[in-house]
Structure formats: C-alpha cells, structure tokens
Amino acid sequence: MTFSTMLSTMAAGMLRTCGIFFLTLLGSLPLGMVVCLLRKSKHALVRTIVKIYISIMRGTPLMLQLLVWYFGPYYLFRLPIGGWRFPAIIFGFVVNYAAYFAEIYRSGIDSMPVGQYEAAEVLGYTKGRTFFRIILPQVVKRILPAVTNEVITLVKDTSLAFTLAYSEVFSLAKQISASQTSFVPFVIAGVFYYIANYAVAFAMERIEKALNYYR
Amino acid sequence: MILEMKNIQKSFGGVRVLRDISVCVDQGEVVSIIGPSGSGKSTLLRCATFLETVDSGEIRYEGEPAVTTDEYGNAHYAAPDALRALKRYYGLVFQQFNLFPHYTVLKNVTDAPLTVQKRDKAEVHGTAMELLRKMGLEDKASSYPYQLSGGQQQRVAIARALAMRPEILFFDEPTSALDPELTGEVLKVIKQLAVEKMTMVIVTHEMPFARAVSDRVVFMDGGVIVEQGDPEAVFGAPQQARTKQFLQTYQR
C-alpha cells in the first residue's frame, strides 16, 4: 500500500473523527450550562442528583462509559445490539464532556464578584437578564483557558471511539498498521491530531484576544 | 415623604445590627449618615435598597409599602413584581463602583434605562450624554471601565444611577475605595447634585463634606441612631457623649 493510498483511506477516518469532535461540542457546551444551572439549583434533591451524575462521569473512564452505553441496553434489557453505534458514541461523549464543562462554568460563575449581581439588582434587571447580559459574558471570558484545555483533550479523546470499533482515524491507523506491517499510519494519525489541536489552540487564542477589549 | 423606614430590626446570626431604626427622608433633602465601622450604616442602606431583608419594620417609598410588619413582629415583603417596580424610586452608588466591565461607559449608563425601563433609545442616549457631560466624562463615553481612574469610575456609577431618574439616590461610602486625591472630584459632583436639590442619603466618613452638604446628619452607633439633626448642631455642639467622642477621633 502506497503512502497516498494510506492517506486517502485514513482521510475518511479523519472526517469521522471531526464528526465526533464537532457533534460532542455542539451537544456538551450547551448541555454543560444546563447541568451547571441544575447543579446550582435551590432544590437539594436536584443538586444531589446532578452531583452524583458529575461524580460518576468524572470518576469512571470514558472508555468504560462508551462500552456501557453501547452494550448496556443488551445486557439490561436484552435489546439487540447494533444500529446505535454512532449515536452511542456521541451520547457517551456529550454526557461525559457536559459534566466537565458544567464544572468549568460553575467555577466561572462562582468567581463573579457579588457586586455585579447587586448592581444589576438595584438597577432592576430581572434574574434572567442579569445572567445573560451581565454575568454570562464575563464568565465566558474567565473560563476560556479552561475550556481550551478541555477541547484539546476532546480532540485526543475521540480516539476512544476505537473501543466501539468505530472507524475513526485512530482505529484505521491501527488496522492499516497491522495489515501492512507499517508504522506510517501511526505517524499520519499523530500528525493529524497535532494539526487539529494546533488549529484549536489557534482559534481559542483568537477568541481570547477578541475578548481582551475589557478587563 | 420619599422614604419612610420605621422600626427597622436586622440581625446577622444573632448579632443585632439594626435595633429599631426609624428614618424618613423628604423630597430634596440631603441626609448624611455617619458613625464608626460596624455601626449599621451600610446595612441600613442595604435594607433600604432590598439588598438585605429586614427582620421587622416598615419601608415605604412615596407611601407605597415595600415591607410591612404583622402584629407578631414578622416582616412581610411586597410581591416580587411590586418590589421590582419600587426600584424605580431609588438608585444606589456602591463603595466599589460595581460598573459592568464588559460595557463601555455609555452602555453602562444606558443599558438599564433601555432594557429595564424600555425607554426611547434617542432619549436615553441624550440623557446619558448629558449626565456624562455633567460628570465631566463626555470624552470617556466609549472607554471601558478599566481604562478609567477610580474617581472617574465612581462618577460613571453616579451617572448610571441618575440615568434611571430615581427620586432618591443612596451613596454607600462613595469615596472610601478611592485614593485621597481622587475623593475631591467625586464629592464635587455630589455637592452639585445637592445644589440641584437631588434627594440623597449618603453614608460617609468624610466629615467636612457631610457637614457642608447635608440638611441633616444622622449619627449611628451600635445599631441605633444616637443623635441626629442640623449638621451645625451635630458637628458644632453634639449633645451625646458618644457623638462627641466619635467626632473627636476626626479632629486633627
């Protein structure tokens, strides 16, 4: 197999990796905010449930969670396996990353000085307006570095879809490497992840700079 | 009567911070509240502006009840909507300014009139620029708070409060977070507001300022009003030993 055939075979995997990456962000960034607000709910029961959820998501390997989402329905309910490989992967990634993002959001919200809430309250802003107009924009700026970290980790974590035999770039690299007894696919995969993360870091730096108009 | 506070009681974890305080403020009146740290001055302002809830007592703005107390001594607040509507009567200037750092000076001043009061954009913009001019900050309209000195930030905060067209403006130690050379510019604009008969309640440690600007001075200590009256009377011939003792610490 020539280098260019390897590359073109793996290109399909790269697309699938990007698919996992973007769909996970699309789902987990907003879901994380919902989780974060529930985590700060005034109902103790809601708070406790969300705390347990976050604790499990952070306390067990994502690889294990993916296996549970994919094989769980069979072992628990004897449902036929298959058909939901990709949905199971996306679901697993989204609920896992939402837990991490929720904690990042929470740290950002908790770091806001109380004076911002009080100024808004005296000016007659409702709770919702205070959150969306005054608090959230400032929280976004504060948490950006932490979010960047998480997004970079996600790029690399997409390789965990390998566990469910989904042919993203890492799975393909392993397959081709074994069949061709070649080390090159791993190099290609490595370069791909590196470039992807370079792009992520570059984009996030641009966003950070764009938000530097105030302090 | 713009503001009536009657028999206000407030405790923090068993410590009685306000013990049966009653204060009324008339249209156009400037009232300074002085007293040592921990005397309850700021807590009184925070209760008046609903940032703290009172344990018992009555608060009315323009006769509209915000808090009433039943025969068992328990305070009852008006419904949240009614309470929010009462906010149109007052503004508050904080010790720490609390400007919104992600908004320009102009947007800090115009955002609440536009989004909360839903006033006309052109009118709000004109009012805001007029206020900034009055504060000597018209050239700072497009600056961000971090680009301003503390004194400038506090003047923006005053403009922001005034843009809401309050009937009464509260100041919670407006110059305590400022370097000494910057307090003058803030006190000057407050004096100007007093000349224009803006109703104000000012918690302050600036004794000469309080004496010069106030119609009435209230001396608080230990959660009670020890003495109040005409500034010349309170500063010139205090009746209570505690007042004398406190004012002496400011003599130099």
Side-chain angles (χ1 to χ4, degrees), chain A residues 29-30 32-33 36-37 40-43 46 101 104-148 203-215, chain B residues 42 45-46 48-52 80-81 83-105 107-119 142-148 153 156-157 159-166 168-172 177:
Chain A
L29 284 172
M33 184 51 76
C36 166
L37 295 178
K40 293 173 77 66
S41 157
K42 41 180 188 251
H43 301 286
V46 175
F101 284 132
I104 292 175
Y105 296 155
R106 189 170 68 92
S107 74
I109 291 172
D110 289 352
S111 77
M112 287 297 295
V114 67
Q116 292 289 302
Y117 291 95
E118 292 186 346
E121 194 188 326
V122 169
L123 288 167
Y125 288 86
T126 56
K127 279 220 162 79
R129 266 200 206 119
T130 303
F131 183 72
F132 285 108
R133 294 189 72 84
I134 309 299
I135 303 301
L136 190 59
Q138 298 184 58
V139 166
V140 168
K141 182 182 164 92
R142 282 168 189 239
I143 63 172
L144 224 45
V147 169
T148 303
M204 295 304 277
E205 208 182 302
R206 287 292 288 269
I207 298 173
E208 273 184 48
K209 277 216 179 97
L211 288 178
N212 257 347
Y213 65 90
Y214 74 91
R215 263 175 240 156
Chain B
S42 288
L45 278 201
R46 292 175 61 82
T49 52
F50 314 146
L51 290 176
E52 299 286 353
D81 284 350
L83 221 48
R84 192 170 312 116
L86 287 172
K87 288 180 200 289
R88 73 180 181 280
Y89 289 124
Y90 64 81
L92 172 63
V93 174
F94 297 86
Q95 184 178 344
Q96 301 292 342
F97 332 134
N98 295 341
L99 293 177
F100 303 132
H102 57 310
Y103 285 169
T104 62
V105 164
K107 194 161 163 70
N108 262 283
V109 179
T110 58
D111 196 62
L114 290 174
T115 61
V116 176
Q117 295 182 327
K118 313 239 181 275
R119 275 153 57 187
S142 53
S143 300
Y144 284 88
Y146 81 92
Q147 296 165 315
L148 307 182
Q153 290 191 46
V156 174
R160 177 174 72 173
L162 287 171
M164 300 294 281
R165 295 177 176 157
I168 179 170
L169 195 50
F170 297 101
F171 292 84
D172 187 7

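Throughout, a chain's letter reflects where its sequence line sits, starting with A, and its residues are numbered from 1.
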Legend entry - Minimal non-hydrogen separation, B/L169 against B/A161, with atom names: CD1-CB, 3.5 Å
Legend entry - Proximal component of B/L83, with respect to chain A [non-hydrogen, under 4.5 Å]: neither
Inset, instruction - Please work out which of the three classes, parallel, tilted or perpendicular, describes the rings of B/F100 and B/Y103, given edges at 30° and 60°. - result: perpendicular
Inset, instruction - Could you check B/R160, B/R119, B/R165 and say which one makes a side-chain contact (heavy atoms from CB on, under 4.5 Å) with B/P113? - result: B/R119
Legend entry - Any donor-acceptor pair under 3.5 Å from B/Q117 side chain to B/M164 backbone: yes
Legend entry - Segment of A/Y117 engaging chain B (4.5 angstrom heavy-atom cut-off): neither
Inset, instruction - Give, as side chain, backbone, both or neither, the part of A/R215 having an atom under 4.5 angstrom from any heavy atom of chain B. - result: both
Inset, instruction - Mind ranking B/T49, B/T115, B/L99 by heavy-atom pairs under 4.5 Å with chain A and telling me who comes out on top? - result: B/T115
Inset, instruction - Could you tell me which portion of B/R46 (side chain, backbone, both or neither) has an atom closer than 4.5 angstrom to a non-hydrogen atom of chain A? - result: side chain
Legend entry - Max heavy-atom pair count under 4.5 Å with chain B, selected residue of A/A120, A/G124, A/P113, A/P137: A/G124
Inset, instruction - For chain A, find which of B/P101, B/A85, B/P80 contributes the most heavy-atom pairs closer than 4.5 angstrom. - result: B/P101
Legend entry - Ring geometry between A/Y214 and B/H102 (parallel below 30°, tilted from 30 to 60°, perpendicular above 60°): tilted
Inset, instruction - Return yes if some donor-acceptor pair links the side-chain N/O of B/Q153 with the main-chain N/O of B/P145 below 3.5 Å, else return no. - result: yes
